[in-house]
Amino acid sequence: MAVHYQKSILNMIKAFRRNWHTLCTSERTTVCGADSMLLILQLSMAENNKQHNGEFTVFLSDVLLTWKYLLHEKLNLPLENLELIHHYDEIRKTYDDFLKNSNMVDLVDIYQKYRALTSSCEKDDTISPSQLRDFLSGRQYAVDDETSFYIPTSPTNKHNEDNEKVQLLAKKIIYSYLNLLVNSKNDLALAHILNIPDRGLGREAFTDLKHAAREKQMPIFLVATSFIRTIELGGKGYAPSPSDPLRTHVKGLSNFINFVDKLDEILGEIPNPSIAGGRILSLIKMHLIKGQNSRGPFYKAVEEAAQDLDLRIKNIICSHQEIVAVSTTGISPTRPKSYAINHDTAYCGRDTIKILLVLLDEEAANAPTQNKAELLYDDENTVNESGISVLTLFRSPTQIKNSSVKPLKERIQKSMQEKSNKVSSRI
(Lines give C-alpha, C1' and ligand atoms only; values in the text may rest on other atoms or scores of the structure.)
Protein backbone atom coordinates (compact mmCIF):
# COMPACT_ATOMS: atom_id res chain seq x y z
CA MET A 1 0.00 0.00 0.00
CA ALA A 2 2.75 2.44 0.99
CA VAL A 3 4.70 1.67 -2.21
CA HIS A 4 1.63 2.45 -4.31
CA TYR A 5 1.20 5.78 -2.53
CA GLN A 6 4.87 6.63 -3.05
CA LYS A 7 4.56 6.09 -6.79
CA SER A 8 1.57 8.41 -6.93
CA ILE A 9 3.40 11.05 -4.88
CA LEU A 10 6.46 10.81 -7.12
CA ASN A 11 4.25 11.30 -10.18
CA MET A 12 2.84 14.44 -8.56
CA ILE A 13 6.32 15.77 -7.83
CA LYS A 14 7.43 15.07 -11.41
CA ALA A 15 4.47 17.08 -12.69
CA PHE A 16 5.44 19.88 -10.31
CA ARG A 17 9.01 19.86 -11.67
CA ARG A 18 7.82 20.04 -15.27
CA ASN A 19 5.71 23.09 -14.44
CA TRP A 20 7.83 24.70 -11.73
CA HIS A 21 8.05 28.09 -13.48
CA THR A 22 4.26 28.51 -13.16
CA LEU A 23 4.03 27.15 -9.59
CA CYS A 24 6.99 28.65 -7.71
CA THR A 25 9.72 31.27 -8.06
CA SER A 26 12.81 29.05 -8.16
CA GLU A 27 13.91 25.95 -10.01
CA ARG A 28 15.78 24.95 -6.86
CA THR A 29 12.68 24.80 -4.67
CA THR A 30 12.89 21.57 -2.68
CA VAL A 31 10.09 19.30 -1.53
CA CYS A 32 9.44 18.84 2.19
CA GLY A 33 8.64 15.20 3.00
CA ALA A 34 6.45 13.88 5.81
CA ASP A 35 9.15 13.81 8.50
CA SER A 36 10.37 17.31 7.68
CA MET A 37 6.79 18.60 7.68
CA LEU A 38 6.34 17.26 11.21
CA LEU A 39 9.64 18.76 12.40
CA ILE A 40 8.70 22.17 11.00
CA LEU A 41 5.31 21.94 12.70
CA GLN A 42 7.06 21.13 15.99
CA LEU A 43 9.28 24.19 15.60
CA SER A 44 6.28 26.35 14.68
CA MET A 45 4.38 25.25 17.77
CA ALA A 46 7.40 25.81 20.01
CA GLU A 47 7.78 29.31 18.58
CA ASN A 48 4.11 29.99 19.22
CA ASN A 49 4.44 28.76 22.82
CA LYS A 50 7.43 31.02 23.29
CA GLN A 51 5.41 34.03 22.12
CA HIS A 52 2.54 33.26 24.50
CA ASN A 53 4.22 31.51 27.44
CA GLY A 54 7.92 32.38 27.14
CA GLU A 55 8.94 28.72 26.70
CA PHE A 56 10.35 27.43 23.38
CA THR A 57 9.00 23.94 23.95
CA VAL A 58 6.01 21.78 23.11
CA PHE A 59 4.60 18.44 24.25
CA LEU A 60 4.78 15.50 21.84
CA SER A 61 1.06 14.80 22.33
CA ASP A 62 0.22 18.37 21.31
CA VAL A 63 2.39 18.10 18.18
CA LEU A 64 0.66 14.89 17.09
CA LEU A 65 -2.77 16.37 17.77
CA THR A 66 -1.95 19.48 15.76
CA TRP A 67 -0.37 17.36 13.02
CA LYS A 68 -3.66 15.52 12.59
CA TYR A 69 -5.56 18.82 12.51
CA LEU A 70 -3.10 20.36 10.02
CA LEU A 71 -3.43 17.46 7.57
CA HIS A 72 -7.24 17.60 7.70
CA GLU A 73 -7.32 21.37 7.37
CA LYS A 74 -4.84 21.57 4.48
CA LEU A 75 -6.51 18.70 2.61
CA ASN A 76 -10.02 20.10 3.19
CA LEU A 77 -11.09 17.00 5.09
CA PRO A 78 -13.83 17.10 7.79
CA LEU A 79 -12.82 18.72 11.09
CA GLU A 80 -15.96 17.97 13.09
CA ASN A 81 -14.47 15.27 15.32
CA LEU A 82 -11.12 17.02 15.81
CA GLU A 83 -10.26 19.13 18.82
CA LEU A 84 -9.81 22.82 18.00
CA ILE A 85 -6.14 23.72 18.42
CA HIS A 86 -5.30 26.82 20.46
CA HIS A 87 -3.68 29.56 18.34
CA TYR A 88 -3.88 27.27 15.29
CA ASP A 89 -3.99 30.18 12.83
CA GLU A 90 -0.76 31.58 14.25
CA ILE A 91 0.90 28.15 14.17
CA ARG A 92 -0.19 27.64 10.57
CA LYS A 93 1.19 31.02 9.56
CA THR A 94 4.53 30.27 11.24
CA TYR A 95 4.60 26.89 9.48
CA ASP A 96 3.85 28.45 6.07
CA ASP A 97 6.41 31.21 6.62
CA PHE A 98 9.10 28.66 7.49
CA LEU A 99 8.45 26.81 4.24
CA LYS A 100 8.39 30.01 2.20
CA ASN A 101 11.56 31.43 3.74
CA SER A 102 13.33 28.09 3.26
CA ASN A 103 12.25 27.86 -0.40
CA MET A 104 10.33 24.63 0.23
CA VAL A 105 6.89 23.23 -0.53
CA ASP A 106 5.35 20.38 1.42
CA LEU A 107 3.67 17.30 -0.03
CA VAL A 108 0.17 18.66 0.52
CA ASP A 109 1.08 21.79 -1.47
CA ILE A 110 2.44 19.52 -4.22
CA TYR A 111 -0.79 17.54 -4.16
CA GLN A 112 -2.96 20.63 -4.49
CA LYS A 113 -0.84 22.08 -7.28
CA TYR A 114 -0.93 18.73 -9.09
CA ARG A 115 -4.72 18.53 -8.82
CA ALA A 116 -4.99 22.02 -10.31
CA LEU A 117 -2.73 21.04 -13.23
CA THR A 118 -4.24 17.69 -14.22
CA SER A 119 -7.43 16.83 -16.07
CA SER A 120 -10.28 14.89 -14.52
CA CYS A 121 -9.24 11.60 -16.15
CA GLU A 122 -5.67 11.98 -14.88
CA LYS A 123 -6.95 12.72 -11.39
CA ASP A 124 -8.49 9.26 -11.30
CA ASP A 125 -4.97 7.82 -11.26
CA THR A 126 -3.83 9.78 -8.22
CA ILE A 127 -4.49 9.24 -4.54
CA SER A 128 -7.40 10.81 -2.71
CA PRO A 129 -7.01 13.44 0.04
CA SER A 130 -7.80 10.84 2.71
CA GLN A 131 -5.21 8.44 1.26
CA LEU A 132 -2.57 11.16 1.30
CA ARG A 133 -3.50 11.92 4.91
CA ASP A 134 -3.11 8.24 5.77
CA PHE A 135 0.29 8.11 4.06
CA LEU A 136 1.60 11.23 5.79
CA SER A 137 0.35 10.13 9.20
CA GLY A 138 1.68 6.57 8.72
CA ARG A 139 -1.73 4.91 8.95
CA GLN A 140 -0.93 2.47 6.14
CA TYR A 141 1.37 0.62 8.54
CA ALA A 142 -1.67 -0.45 10.55
CA VAL A 143 -2.66 -2.64 7.59
CA ASP A 144 0.82 -3.66 6.50
CA ASP A 145 1.88 -4.77 9.95
CA GLU A 146 -1.12 -6.95 10.83
CA THR A 147 0.66 -10.14 9.80
CA SER A 148 3.94 -9.29 11.49
CA PHE A 149 4.98 -11.20 14.59
CA TYR A 150 6.31 -9.79 17.79
CA ILE A 151 10.06 -10.29 18.08
CA PRO A 152 11.39 -10.17 21.65
CA THR A 153 14.27 -7.84 22.35
CA SER A 154 17.63 -9.56 22.38
CA PRO A 155 21.26 -8.40 22.19
CA THR A 156 21.27 -9.31 18.49
CA ASN A 157 18.05 -7.41 17.77
CA LYS A 158 19.29 -4.42 19.76
CA HIS A 159 22.54 -4.43 17.78
CA ASN A 160 20.62 -4.55 14.49
CA GLU A 161 18.36 -1.70 15.59
CA ASP A 162 21.34 0.44 16.54
CA ASN A 163 23.02 -0.24 13.20
CA GLU A 164 19.83 0.65 11.38
CA LYS A 165 19.60 3.96 13.26
CA VAL A 166 23.20 4.80 12.37
CA GLN A 167 22.54 3.95 8.73
CA LEU A 168 19.48 6.20 8.66
CA LEU A 169 21.45 8.98 10.33
CA ALA A 170 24.30 8.71 7.80
CA LYS A 171 21.86 8.88 4.92
CA LYS A 172 20.03 11.85 6.47
CA ILE A 173 23.29 13.76 6.88
CA ILE A 174 24.36 13.18 3.27
CA TYR A 175 20.89 14.10 2.00
CA SER A 176 21.04 17.29 4.08
CA TYR A 177 24.34 18.30 2.49
CA LEU A 178 22.86 17.68 -0.96
CA ASN A 179 19.71 19.58 0.02
CA LEU A 180 21.68 22.62 1.16
CA LEU A 181 23.83 22.48 -1.98
CA VAL A 182 20.71 22.58 -4.14
CA ASN A 183 18.71 24.98 -1.95
CA SER A 184 20.90 27.31 0.11
CA LYS A 185 17.80 28.72 1.86
CA ASN A 186 16.91 25.44 3.55
CA ASP A 187 17.38 26.19 7.26
CA LEU A 188 16.22 22.71 8.30
CA ALA A 189 18.89 20.98 6.20
CA LEU A 190 21.53 23.34 7.59
CA ALA A 191 20.45 22.55 11.15
CA HIS A 192 21.13 18.84 10.56
CA ILE A 193 24.72 19.33 9.32
CA LEU A 194 26.13 22.61 10.67
CA ASN A 195 28.16 20.77 13.30
CA ILE A 196 28.57 17.38 11.59
CA PRO A 197 31.43 16.64 11.65
CA ASP A 198 32.27 18.58 14.81
CA ARG A 199 33.27 22.17 13.98
CA GLY A 200 32.62 23.67 17.38
CA LEU A 201 29.31 25.05 16.07
CA GLY A 202 26.92 23.86 18.73
CA ARG A 203 23.68 25.38 20.00
CA GLU A 204 25.25 28.69 20.93
CA ALA A 205 26.66 29.20 17.43
CA PHE A 206 23.37 28.15 15.84
CA THR A 207 21.46 30.54 18.09
CA ASP A 208 23.76 33.44 17.15
CA LEU A 209 23.29 32.63 13.46
CA LYS A 210 19.54 32.31 13.90
CA HIS A 211 19.27 35.70 15.60
CA ALA A 212 21.45 37.35 12.92
CA ALA A 213 19.31 35.75 10.21
CA ARG A 214 16.10 37.07 11.76
CA GLU A 215 17.58 40.54 12.15
CA LYS A 216 18.68 40.65 8.51
CA GLN A 217 15.67 38.67 7.25
CA MET A 218 17.93 36.23 5.44
CA PRO A 219 18.36 32.43 5.47
CA ILE A 220 20.89 31.21 8.02
CA PHE A 221 23.35 29.81 5.47
CA LEU A 222 23.40 33.06 3.50
CA VAL A 223 24.09 35.02 6.71
CA ALA A 224 27.00 32.73 7.52
CA THR A 225 28.32 32.98 3.94
CA SER A 226 28.09 36.77 3.93
CA PHE A 227 29.87 36.97 7.28
CA ILE A 228 32.78 34.75 6.19
CA ARG A 229 33.07 36.38 2.73
CA THR A 230 33.35 39.81 4.31
CA ILE A 231 36.19 38.64 6.55
CA GLU A 232 38.07 36.71 3.84
CA LEU A 233 37.72 39.25 1.05
CA GLY A 234 37.43 42.54 2.89
CA GLY A 235 40.73 42.56 4.74
CA LYS A 236 41.46 44.06 8.14
CA GLY A 237 39.12 46.98 7.52
CA TYR A 238 36.17 44.58 7.43
CA ALA A 239 36.95 42.61 10.56
CA PRO A 240 33.85 41.95 12.70
CA SER A 241 33.33 44.22 15.66
CA PRO A 242 34.18 42.84 19.12
CA SER A 243 30.48 42.94 19.98
CA ASP A 244 29.47 40.74 17.02
CA PRO A 245 28.32 37.35 18.46
CA LEU A 246 29.47 35.56 15.29
CA ARG A 247 33.05 36.68 15.92
CA THR A 248 33.69 33.72 18.25
CA HIS A 249 32.55 31.25 15.59
CA VAL A 250 34.77 32.40 12.71
CA LYS A 251 36.90 29.25 12.57
CA GLY A 252 33.98 26.81 12.54
CA LEU A 253 31.89 28.87 10.11
CA SER A 254 34.86 29.29 7.78
CA ASN A 255 35.38 25.53 7.81
CA PHE A 256 31.72 24.92 6.99
CA ILE A 257 31.40 27.56 4.26
CA ASN A 258 34.66 26.56 2.57
CA PHE A 259 33.55 22.93 2.46
CA VAL A 260 30.24 23.82 0.81
CA ASP A 261 32.25 26.00 -1.61
CA LYS A 262 34.22 22.91 -2.63
CA LEU A 263 30.97 21.08 -3.36
CA ASP A 264 29.76 24.06 -5.38
CA GLU A 265 33.02 24.14 -7.35
CA ILE A 266 32.39 20.59 -8.52
CA LEU A 267 29.03 21.71 -9.89
CA GLY A 268 30.66 24.57 -11.78
CA GLU A 269 33.65 22.68 -13.15
CA ILE A 270 32.27 19.23 -14.09
CA PRO A 271 29.38 19.30 -16.60
CA ASN A 272 28.83 15.52 -16.56
CA PRO A 273 26.14 14.83 -13.90
CA SER A 274 27.33 11.28 -13.26
CA ILE A 275 30.92 12.32 -12.60
CA ALA A 276 29.92 15.46 -10.69
CA GLY A 277 27.45 13.56 -8.51
CA GLY A 278 30.03 10.91 -7.71
CA ARG A 279 32.67 13.51 -6.82
CA ILE A 280 30.25 15.38 -4.57
CA LEU A 281 29.27 12.22 -2.70
CA SER A 282 32.90 11.15 -2.41
CA LEU A 283 33.90 14.52 -0.95
CA ILE A 284 31.05 14.45 1.57
CA LYS A 285 31.96 10.89 2.53
CA MET A 286 35.63 11.72 3.11
CA HIS A 287 34.64 14.78 5.13
CA LEU A 288 32.37 12.75 7.42
CA ILE A 289 34.64 9.74 8.02
CA LYS A 290 37.85 11.72 8.56
CA GLY A 291 39.21 10.80 11.99
CA GLN A 292 36.56 8.10 12.46
CA ASN A 293 37.32 4.49 13.36
CA SER A 294 37.23 2.53 10.10
CA ARG A 295 35.59 -0.36 11.97
CA GLY A 296 32.97 1.82 13.60
CA PRO A 297 29.30 1.68 12.57
CA PHE A 298 29.17 5.35 11.53
CA TYR A 299 32.19 4.96 9.21
CA LYS A 300 30.64 1.93 7.52
CA ALA A 301 27.20 3.52 7.33
CA VAL A 302 28.56 6.63 5.59
CA GLU A 303 30.47 4.52 3.07
CA GLU A 304 27.42 2.41 2.30
CA ALA A 305 25.10 5.41 2.02
CA ALA A 306 27.46 7.27 -0.33
CA GLN A 307 27.87 4.18 -2.49
CA ASP A 308 24.10 3.57 -2.67
CA LEU A 309 23.36 7.19 -3.58
CA ASP A 310 26.09 7.23 -6.23
CA LEU A 311 24.53 4.15 -7.82
CA ARG A 312 21.10 5.76 -7.58
CA ILE A 313 22.34 8.88 -9.38
CA LYS A 314 23.70 6.75 -12.24
CA ASN A 315 20.40 4.86 -12.45
CA ILE A 316 18.43 8.13 -12.55
CA ILE A 317 20.63 9.40 -15.40
CA CYS A 318 20.20 6.17 -17.38
CA SER A 319 16.46 6.20 -16.79
CA HIS A 320 16.04 9.78 -17.97
CA GLN A 321 18.26 9.23 -21.00
CA GLU A 322 15.92 6.44 -22.07
CA ILE A 323 12.90 8.69 -21.56
CA VAL A 324 14.45 11.56 -23.51
CA ALA A 325 15.22 9.17 -26.36
CA VAL A 326 11.50 8.50 -26.93
CA SER A 327 9.89 11.62 -25.51
CA THR A 328 10.45 15.31 -24.82
CA THR A 329 9.36 15.00 -21.17
CA GLY A 330 11.63 14.53 -18.18
CA ILE A 331 15.02 16.20 -17.85
CA SER A 332 15.76 18.08 -21.04
CA PRO A 333 19.36 18.04 -22.34
CA THR A 334 18.77 21.30 -24.18
CA ARG A 335 19.97 24.72 -23.13
CA PRO A 336 17.75 26.15 -20.37
CA LYS A 337 15.32 28.92 -21.17
CA SER A 338 15.91 32.42 -19.90
CA TYR A 339 13.53 32.08 -16.97
CA ALA A 340 15.56 29.13 -15.65
CA ILE A 341 18.83 31.04 -15.61
CA ASN A 342 17.16 33.92 -13.81
CA HIS A 343 15.94 31.75 -10.94
CA ASP A 344 18.94 30.72 -8.85
CA THR A 345 20.36 28.19 -11.31
CA ALA A 346 23.52 28.89 -13.28
CA TYR A 347 23.79 27.13 -16.64
CA CYS A 348 26.96 25.25 -15.74
CA GLY A 349 25.98 22.49 -13.35
CA ARG A 350 22.27 22.74 -14.08
CA ASP A 351 21.98 19.14 -15.27
CA THR A 352 23.64 17.90 -12.08
CA ILE A 353 21.29 20.03 -9.97
CA LYS A 354 18.31 18.52 -11.76
CA ILE A 355 19.58 15.00 -11.08
CA LEU A 356 20.13 15.84 -7.41
CA LEU A 357 16.59 17.23 -7.27
CA VAL A 358 15.24 13.90 -8.52
CA LEU A 359 17.24 12.15 -5.79
CA LEU A 360 15.89 14.53 -3.14
CA ASP A 361 12.34 14.20 -4.49
CA GLU A 362 12.51 10.44 -4.09
CA GLU A 363 13.62 10.88 -0.50
CA ALA A 364 10.77 13.33 0.15
CA ALA A 365 8.29 10.76 -1.15
CA ASN A 366 9.43 8.10 1.33
CA ALA A 367 7.05 6.85 4.00
CA PRO A 368 7.30 8.74 7.31
CA THR A 369 9.13 7.53 10.39
CA GLN A 370 6.86 5.28 12.44
CA ASN A 371 8.32 6.23 15.81
CA LYS A 372 7.27 9.87 16.12
CA ALA A 373 8.75 10.18 19.61
CA GLU A 374 12.17 9.23 18.26
CA LEU A 375 11.83 11.70 15.39
CA LEU A 376 10.77 14.58 17.64
CA TYR A 377 12.89 13.78 20.69
CA ASP A 378 14.12 16.67 22.83
CA ASP A 379 17.32 15.67 24.58
CA GLU A 380 19.89 18.13 25.85
CA ASN A 381 22.60 15.47 26.10
CA THR A 382 23.04 14.54 22.44
CA VAL A 383 26.20 13.88 20.49
CA ASN A 384 26.91 14.18 16.78
CA GLU A 385 26.85 10.50 15.88
CA SER A 386 23.56 10.04 17.68
CA GLY A 387 21.99 12.96 15.86
CA ILE A 388 20.69 16.15 17.36
CA SER A 389 17.27 17.32 18.41
CA VAL A 390 16.10 20.04 16.06
CA LEU A 391 13.89 21.48 18.80
CA THR A 392 16.86 21.66 21.18
CA LEU A 393 19.03 23.24 18.50
CA PHE A 394 16.53 26.01 17.70
CA ARG A 395 16.02 26.75 21.40
CA SER A 396 18.35 29.44 22.72
CA PRO A 397 20.82 27.76 25.13
CA THR A 398 20.79 30.64 27.62
CA GLN A 399 17.01 30.89 27.77
CA ILE A 400 15.96 31.41 31.40
CA LYS A 401 12.61 32.50 32.68
CA ASN A 402 12.41 36.15 33.78
CA SER A 403 16.01 36.85 32.81
CA SER A 404 15.56 39.92 30.63
CA VAL A 405 16.37 43.44 31.87
CA LYS A 406 12.83 44.76 31.86
CA PRO A 407 11.24 42.07 34.09
CA LEU A 408 14.18 42.36 36.54
CA LYS A 409 13.73 46.10 36.74
CA GLU A 410 10.01 45.66 37.26
CA ARG A 411 10.59 43.13 40.07
CA ILE A 412 12.99 45.52 41.86
CA GLN A 413 10.53 48.42 41.54
CA LYS A 414 7.72 46.21 42.81
CA SER A 415 9.81 45.09 45.80
CA MET A 416 10.74 48.68 46.65
CA GLN A 417 7.12 49.75 46.36
CA GLU A 418 6.01 46.97 48.72
CA LYS A 419 8.63 48.01 51.29
CA SER A 420 7.54 51.63 50.97
CA ASN A 421 3.92 50.66 51.51
CA LYS A 422 4.85 48.68 54.66
CA VAL A 423 6.75 51.67 56.06
CA SER A 424 3.82 53.98 55.32
CA SER A 425 1.35 51.64 57.01
CA ARG A 426 3.45 51.53 60.17
CA ILE A 427 3.56 55.30 60.33
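Both backbone and side-chain heavy atoms feed into the values below; hydrogens, waters and symmetry mates do not. Treat the numbers as computed from the prediction; the structure is a model and nothing was measured.
In this model, no donor atom of one side chain and acceptor atom of the other lie less than 3.5 Å apart for Asn186 and Ser102. Judged by distance alone, the side chains of Gln307 and Glu303 never bring a donor and an acceptor atom under 3.5 Å apart. Neither side chain, Gln51 nor His87, offers a donor N or O lying under 3.5 Å from an acceptor on the other. Side-chain contact, Asp134 with Gln131: no donor N or O sits under 3.5 Å from an acceptor N or O.
Side-chain atoms of Ser274 never come within 3.5 Å of backbone atoms of Lys314 as a donor-acceptor pair (strictly under, hydrogens ignored). A distance-only check finds a donor-acceptor pair linking the side chain of Gln42 to the backbone of Leu376 [under 3.5 Å]. Between the side chain of Asn103 and the main chain of Asn183, no donor-acceptor pair closer than 3.5 Å is present. At distances below 3.5 Å, at least one donor-acceptor pair connects side-chain atoms of Asp187 with backbone N or O atoms of Ile220. No side-chain donor-acceptor contact under 3.5 Å links Arg133 to the backbone of His72. Without hydrogens or angle criteria, Ser226 side chain to Leu222 main chain gives no donor-acceptor distance under 3.5 Å. Looking at Arg203, its side chain does come within 3.5 Å of a backbone N or O of Thr392 through a donor-acceptor pair. Of the possible polar contacts, none joining the Ser319 side chain to the Asn315 backbone as a donor-acceptor pair under 3.5 Å is found. Ser36 places no side-chain N or O within donor-acceptor distance of the main-chain N or O of Gly33, the cut-off being under 3.5 Å.
The CG atom of Asn179 sits 11.0 Å away from the CG atom of Leu190 when rounded to the nearest 0.5 Å. Between Met12 atom CE and Arg115 atom CZ the span is 9.5 Å, to the nearest 0.5 Å. One finds the CD atom of Gln217 at 10.0 Å from the CD atom of Glu215 (value rounded to the nearest 0.5 Å). Taking OH of Tyr114 as the start and CD1 of Ile127 as the end, the distance is 10.0 Å to the nearest 0.5 Å. In this structure, OG in Ser128 is found 6.5 Å from OH in Tyr5, a value given to the nearest 0.5 Å. Once rounded to the nearest 0.5 Å, the distance linking CZ of Arg92 with OH of Tyr69 reads 10.5 Å.
Residues Ser44 and Thr94 come closest through the heavy atom pair OG-C, 3.7 Å. Contact record, Val250 with Ile228: O-CD1, 3.8 Å, taken as the closest heavy-atom pair. Nearest heavy-atom pair across Thr352 and Pro271 is OG1-O, 4.4 Å. Taking every heavy atom of both residues into account, Val260 and Leu181 meet most closely at O-CD1, 4.4 Å. The two residues Ala191 and Leu393 come nearest to each other via the heavy atoms O-CD2, 3.3 Å. Of all heavy-atom pairs between Cys32 and Met104, the closest is CB-SD, 4.3 Å.
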Go through the steps for Lys74 and Leu71 under the test side-chain contact (heavy atoms from CB on, under 4.5 Å), then give the verdict. CA-CA 5 Å; Lys74 288 197 72 172; Leu71 293 180; over 6 Å; no
As a quick check of understanding, evaluate side-chain contact (heavy atoms from CB on, under 4.5 Å) for Ser61 and Leu64, giving each step before the final call. CA-CA 5 Å; Ser61 57; Leu64 297 181; 5.9 Å; no
Under the salt bridge (Lys or Arg N to Asp or Glu O under 4.0 Å) rule, what do Asp109 and Lys100 come out as? Steps first, then yes or no, please. CA-CA 12 Å; Asp109 294 330; Lys100 181 180 179 181; over 6 Å; no
Given side-chain contact (heavy atoms from CB on, under 4.5 Å), test Glu232 with Asn258 step by step and report yes or no. CA-CA 11 Å; Glu232 293 180 343; Asn258 290 334; 3.6 Å; yes
Let's go through Glu47 and Phe98 carefully: what are the C-alpha distance in whole Å and the side-chain angles of both, what is the deciding distance for side-chain contact (heavy atoms from CB on, under 4.5 Å) to 0.1 Å, and is it a yes or a no? CA-CA 11 Å; Glu47 181 64 31; Phe98 192 105; over 6 Å; no
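More than 12 heavy atoms of other residues, nucleotides or ligands sit less than 6.0 Å from atom NZ of Lys372. Environment of CD in Glu90: crowded, with over 12 heavy atoms of neighbouring residues, nucleotides or ligands closer than 6.0 Å.
The side-chain tip of Lys210 points at the ring of Phe56 from less than 6.0 angstrom away and within 45° of straight on.
Side-chain contact between Leu288 and Pro197 is present, with at least one heavy-atom pair separated by less than 4.5 Å. The side-chain heavy atoms of Leu23 and Leu117, taken from C-beta on, include a pair separated by under 4.5 Å. By the 4.5 Å heavy-atom criterion applied to side chains, Met37 and Val108 are counted as neighbours. Using a 4.5 Å heavy-atom threshold, the side chains of Leu107 and Ile13 count as touching. In this structure the side chain of Trp67 reaches within 4.5 angstrom of the side chain of Leu136, judged on heavy atoms. Arg17 places none of its side-chain heavy atoms less than 4.5 Å from the side chain of Lys354. With a 4.5 Å cut-off on side-chain heavy atoms, Ile284 and His287 do not count as touching. Side-chain contact between Asn49 and Glu55: absent, with no pair of heavy atoms (C-beta onward) separated by less than 4.5 Å.
Between Asp308 and Arg312 there is no salt bridge, since no side-chain N of the basic residue sits under 4.0 Å from a carboxylate O of the acidic one.
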Please tabulate, for side-chain N and O atoms in residues 78-86, each donor-acceptor pair with protein atoms closer than 3.5 Å (sequence neighbours left out).
none

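Of the residues Asp97, Asp89, Asp96, the one that meets the side-chain hydrogen bond (donor to acceptor under 3.5 Å, both in side chains) test with Lys93 is Asp97.
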